[in-house]
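These numbers come from the heavy atoms of this one structure, side chains and all, not from hydrogens, waters or symmetry mates. Counting starts at 1 for both ligands and their atoms, following the listed order.
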Amino acid sequence: MKKNKKIIIMNWKMNPVSEKEAKEIFIETKKVATKLNSTQTIICPPSLFIQGFTKNLKKGNFSVGAQDVFWNNKGSHTGEISPLMLRGLGVKYVILGHSERRLKGETSEVVNLKVKEAIKSGLVVILCIGESERDSDGRYLSFIRDEITKSLRGISKKNMKNVIMAYEPIWAVGKKSKRADNPENLFEMVIFIKKALSEIFGKEVAMKTLVLYGGSVNEKNTKEFLENGKVDGLLIGRASLQKEKIKEILKIANTA
Ligand code: PGA
């Protein structure tokens, strides 16, 4: 991945309900995204829509990803989707360990199994980490370090080039969020994440690993997160379903 391209992940979650609306948002996003040379936009729609979106997808600055994947490639796993199935459809990216999945019981150990299988199958993993609250005595930092260590256990230095970190503080994510993070705190967190990665994989890998931010990103805070928060890109939920916001965010990101 070219280091200076901003990575913009659009996480649609379980939206929109109709295929017609999904197509409309997809087409609008694609139209803007393909024209921007300094951003790499990745739409992660509900898995049912993936197949319809990966047809005629030229390689370049726009692609389709998945929101989750199973930790095995085939077999008796009712309801699951395999990394190889995604690869077969031309999917390159997968979000893993999103807080909404962790809140439903997905542990870092399970996330780790998924990370391993996804990388083995040739996917690039967008690994989400984030604390539920920011206490004043710094326990949240140990929590983040623990998520990183457990989710990436057994991953080789070489395979870290297929991992993108996404810092998403749970208190900033989704409709119930209190607020977005602020760029200054975010910058400190980026440094902390790199430090934790450096302890496991060494400085060189840590410096090369991209770190994104997610949580209440919108057209008003995009610029400051990218410029002052010093992240390599953004993971966007709600705003990624609103055509006008998408356009603005992408254009701002492209010049940030
Ligand atoms: P949000 O979601 O932008 O709606 O806060 C971000 C995410 O969950 O990835």
Quick test of your reading of the model: are [X] and [Y] salt-bridged, counting only N-O distances below 4.0 Å?
X	Y	answer
Glu248	Lys251	no
Glu244	Lys247	yes
Glu24	Lys243	yes

Inset, instruction - Using heavy-atom distances, let me know which of Glu100, Glu168, Lys13 sits nearest atom 9 (O) of ligand 1. - result: Glu168
Just which atoms of ligand 1 are under 4.0 Å from any heavy atom in [X]?
X	value
Gly215	5 (O)
Ala172	5 (O)
Asn11	9 (O)
Leu235	9 (O)
Gly174	1 (P), 2 (O), 4 (O), 5 (O)

Inset, instruction - Quick one: do Lys5 and Asp232 satisfy side-chain contact (heavy atoms from CB on, under 4.5 Å)? Show the steps, please. - result: CA-CA 8 Å; Lys5 263 198 186 186; Asp232 301 295; over 6 Å; no
Inset, instruction - Check the pair Phe201, Leu152 against side-chain contact (heavy atoms from CB on, under 4.5 Å), reporting the backbone distance first and the verdict last. - result: CA-CA 10 Å; Phe201 301 104; Leu152 291 174; 3.9 Å; yes
Inset, instruction - Flag Gly237 as yes when one of its N or O atoms lies below 3.5 Å from any N or O atom of ligand 1, and as no otherwise. - result: yes
Legend entry - Gly214, any N or O under 3.5 Å of ligand 1 N or O: no
Inset, instruction - Kindly determine whether Glu100 and Val173 satisfy side-chain contact (heavy atoms from CB on, under 4.5 Å), including the steps that lead there. - result: CA-CA 9 Å; Glu100 287 156 11; Val173 168; 3.8 Å; yes
Inset, instruction - Answer yes or no: does atom NZ of Lys223 have more than 12 heavy-atom neighbours from other residues, nucleotides or ligands under 6.0 Å? - result: no
Legend entry - CD/Glu227: more than 12 non-hydrogen atoms of other groups inside 6.0 Å: yes
Inset, instruction - Using side-chain contact (heavy atoms from CB on, under 4.5 Å) as the criterion, point out the one residue from Thr222, Asp181, Leu226 that pairs with Val217. - result: Thr222
Legend entry - Cys128 near ligand 1 by a heavy-atom separation under 4.0 Å: no
Legend entry - Within-shell test, Lys175 vs ligand 1, heavy atom, strictly < 4.0 Å: no
Inset, instruction - Indicate, as side chain, backbone, both or neither, the part of Val173 found under 4.0 angstrom from ligand 1 when only non-hydrogen atoms are considered. - result: both
Inset, instruction - Answer with side chain, backbone, both or neither: which part of Ser177 has a heavy atom less than 4.0 angstrom from an atom of ligand 1? - result: neither
Inset, instruction - Can you pull out the closest protein heavy atom to atom 4 (O) of ligand 1? Residue, atom name and distance to 0.1 Å, please. - result: Arg238 NE, 2.7 Å
